[in-house]
2 protein chains.
Amino acid sequence: MHVSTRFSDSIHILAFIEIYKDIKLSSEVISSSVETSAVVIRRLMGILREAGLIDTKQGTAEPKLAKNPADITLLDVYLATEGNRPLFELDKKTNPDCIVGGNIQDVLGNYYEDAKIAAQRKLNEVTLQDVIETILVKQKYKDNIT
Amino acid sequence: MHVSTRFSDSIHILAFIEIYKDIKLSSEVISSSVETSAVVIRRLMGILREAGLIDTKQGTAEPKLAKNPADITLLDVYLATEGNRPLFELDKKTNPDCIVGGNIQDVLGNYYEDAKIAAQRKLNEVTLQDVIETILVKQKYKDNIT
DNA sequence: CTAAGATGTAACTTAATTAATTACACTATA
DNA sequence: TATAGTGTAATTAATTAAGTTACATCTTAG
């Protein structure tokens with residue numbers, strides 16, 4: 001299974017850009033929150049720009065969300081970073097001369113698709129706004145008890 | 001993201017065992033349908049046995065399902081082969097001194113959990129019996145038109 | 001009772017994927 | 001025009017899973 005943190009990192013970047021929109025947001029600064037390299041951040045921001053989720057201008061450290069946070073869902077970010085690849089992997093090839101091998105890929109593919117759509121519907125219910133608000137509430141709770 | 005075909009291969013093995021229960025089922029024979037090596041098949045069968053889905057006896061080429069096919073769901077196979085690992089990866093570590101880095105893992109973890117459960121509910125709705133019947137219907141259709 | 005054919009499993013190799021790193025051309029602006 | 005930044009390609013390193021080799025163990029036909 002493909003283990004990639006691109007999806008999570010990208011949400012992190014978007015939330016960071018929105019919450020800290022009043023300070024200077026170089027890839028260096030963002031990378032210190034995500035704890036990865038600035039190049040990785042810039043690469044991901046390239047993907048997010050390509051997908052129409054942020055606007056950036058070369059040379060200036062001022063990325064902006066291209067939409068209202070309430071209009072960006074986790075599914076938008078997922079599709080931007082992971083594409084619409086299957087959630088569960090099928091074999092590249094199974095024996096077509098066998099009743100099982102010749103049919104199972106289609107059969108499982110359909111069931112997998114149903115499960116993927118169910119997961120994606122959930123991701124589509126959550127907006128960047130929700131993520132940001134929940135982060136801020138959790139932080140308030142921390143600040144309160146310490 | 002971790003790309004693994006263990007899940008699909010295991011369903012394949014289980015369906016094969018049930019459909020061909022009257023012939024001799026060596027790991028060699030099964031591997032010719034899945035198109036992988038016999039060792040890989042034996043390794044997966046070890047996992048399926050461990051999970052209580054099949055019974056095997058060393059030396060004999062006669063694996064059997066341990067339950068009725070209608071009582072084995074795709075989720076059972078998924079949990080046996082992939083465990084209950086997250087569907088979407090979180091970072092190992094983000095900056096705890098940052099409001100975003102210090103809270104986002106928990107927040108995303110919860111949303112990811114919702115999506116995972118939605119997908120798993122779908123997998124839990126499909127039984128090995130369903131898979132086998134659909135395979136056989138598809139095959140009948142192929143035989144008919146040729 | 002033993003040879004042939006199987007399983008079970010460990011150890012190692014290969015392949016594929018992703019994050020990290022290095023390097024550098026290009027852009028903005030003080 | 002120097003400084004600080006982005007954009008992106010190319011390479012390296014780390015991780016993971018599949019494939020391979022090897023062999024101990026078990027079953028059973030003869």
Side-chain angles (χ1 to χ4, degrees), chain A residues 1-10 12-13 16-17 20 23-51 53-64 66 80-83 85-86 88-94, chain B residues 1-10 12-13 16-17 20 23-32 34-51 53-64 66 78 80-83 85-86 88-94:
Chain A
M1 195 184 301
H2 34 117
V3 175
S4 156
T5 56
R6 268 180 252 150
F7 176 36
S8 296
D9 287 350
S10 295
H12 190 146
I13 292 169
F16 196 91
I17 289 175
Y20 292 106
I23 69 169
K24 190 169 152 196
L25 290 171
S26 67
S27 56
E28 192 66 44
V29 168
I30 300 175
S31 74
S32 76
S33 175
V34 182
E35 292 199 347
T36 181
S37 78
V39 176
V40 171
I41 298 296
R42 294 204 291 274
R43 201 150 52 198
L44 288 173
M45 292 210 299
I47 291 171
L48 296 173
R49 171 164 31 78
E50 194 70 25
L53 298 178
I54 62 175
D55 293 320
T56 64
K57 203 165 66 173
Q58 187 170 357
T60 72
E62 42 193 23
K64 304 284 179 205
T81 53
E82 302 282 348
R85 67 161 107 175
F88 309 111
E89 289 299 316
L90 289 168
D91 277 299
K92 301 276 176 294
K93 187 169 177 301
T94 49
Chain B
M1 198 184 294
H2 36 120
V3 175
S4 156
T5 55
R6 270 181 251 150
F7 177 37
S8 295
D9 288 350
S10 294
H12 189 146
I13 292 169
F16 196 92
I17 290 175
Y20 291 106
I23 69 171
K24 189 170 153 194
L25 289 171
S26 68
S27 56
E28 192 66 45
V29 167
I30 300 174
S31 75
S32 75
V34 182
E35 292 198 348
T36 181
S37 77
V39 176
V40 171
I41 297 297
R42 293 204 291 275
R43 200 148 56 195
L44 288 174
M45 292 210 300
I47 291 171
L48 297 173
R49 170 164 32 78
E50 195 69 25
L53 299 177
I54 62 175
D55 292 320
T56 64
K57 203 165 67 173
Q58 187 169 357
T60 72
E62 42 192 23
K64 304 285 180 205
Y78 181 79
T81 54
E82 303 282 347
R85 67 160 107 176
F88 310 110
E89 288 299 317
L90 289 168
D91 276 301
K92 300 276 176 294
K93 188 170 175 300
T94 50

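Lettering follows sequence order; numbering is per chain, from 1. The figures here come from the full heavy-atom set of this structure, side chains too, leaving out hydrogens, waters and symmetry mates.
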*Would you say a side-chain N or O of B/Thr60 is under 4.0 Å from OP1 or OP2 of D/dC26?*
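Result: no.
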
Determine whether a donor-acceptor pair (one donor, one acceptor, N or O, separation below 3.5 Å) exists between the side chain of [X] and the base of [N].
| X | N | result |
| --- | --- | --- |
| A/Gln58 | D/dT6 | yes |
| A/Arg43 | C/dA20 | yes |
| A/Arg49 | D/dT8 | no |

*asked:* Heavy-atom nearest nucleotide on DNA chain C for A/Glu62 versus B/Glu62: which residue maps closer to 5'?
replied: B/Glu62

Interatomic distance where [atom1] belongs to [X] and [atom2] belongs to [N] [whole Å]:
| X | N | atom1 | atom2 | value |
| --- | --- | --- | --- | --- |
| B/Arg42 | D/dC23 | CZ | P | 15 Å |
| B/Ile41 | D/dA18 | CD1 | P | 11 Å |
| A/Glu82 | C/dT17 | CD | C1' | 12 Å |
| B/Asp91 | C/dT18 | CG | P | 15 Å |
| A/Asp9 | C/dA20 | CG | C1' | 12 Å |
| A/Asp55 | D/dG7 | CG | C1' | 16 Å |
| A/Ile47 | D/dG7 | CD1 | P | 12 Å |
| B/Leu48 | C/dG8 | CG | C1' | 14 Å |

_Single hit among B/Arg49, B/Glu62, B/Arg42 for side chain to side chain donor-acceptor pair (under 3.5 Å) with B/Thr56_ =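 Exactly one candidate clears the test, B/Arg49.
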
*Taking all heavy atoms of A/Leu44 and all of A/Ser10, pick out the closest pair and write down the distance.*
CD2-OG, 3.8 Å

*Provide the closest heavy-atom pair for A/Ala51 versus A/Ala80 in the form atom of the first, atom of the second, distance.*
CB-CB, 3.5 Å

*For DNA chain C, determine which residues of residues 24-39 of chain A have any heavy atom closer than 4.0 angstrom to one of its atoms, and list them numerically.*
A/Thr36, A/Ser37, A/Val39

Nearest-nucleotide pick for [X], side chain only, options being [options]:
| X | options | answer |
| --- | --- | --- |
| A/Val40 | C/dT29, D/dC26, C/dT21 | C/dT21 |
| A/Thr56 | C/dA19, D/dG7, C/dG8 | D/dG7 |
| A/Ala61 | C/dT18, C/dA28, D/dT6 | D/dT6 |

*asked:* At 4.0 Å (heavy atoms only), tell me whether B/Arg6 reaches a base, stays on the sugar-phosphate, or touches nothing.
replied: sugar-phosphate

*For the residue pair A/Val29 and A/Phe16, establish whether any side-chain heavy-atom pair is separated by less than 4.5 Å.*
yes

*Check salt bridge (Lys or Arg N to Asp or Glu O under 4.0 Å) between B/Lys93 and all other residues, then give those that pass, not counting sequence neighbours.*
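Partners of B/Lys93 by the salt bridge (Lys or Arg N to Asp or Glu O under 4.0 Å) criterion, ordered by chain and then number, come out as A/Glu35.
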
*Backbone N/O of B/Ser8 and side chain of B/Thr5: donor-acceptor pair under 3.5 Å*: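 Checking the backbone N and O of B/Ser8 against the side chain of B/Thr5, no donor-acceptor pair under 3.5 Å is found.
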
*Please say which of A/Ile30, A/Ile47, A/Ile54, A/Leu53 ends up in a side-chain contact (heavy atoms from CB on, under 4.5 Å) with A/Ile13.*
A/Ile30

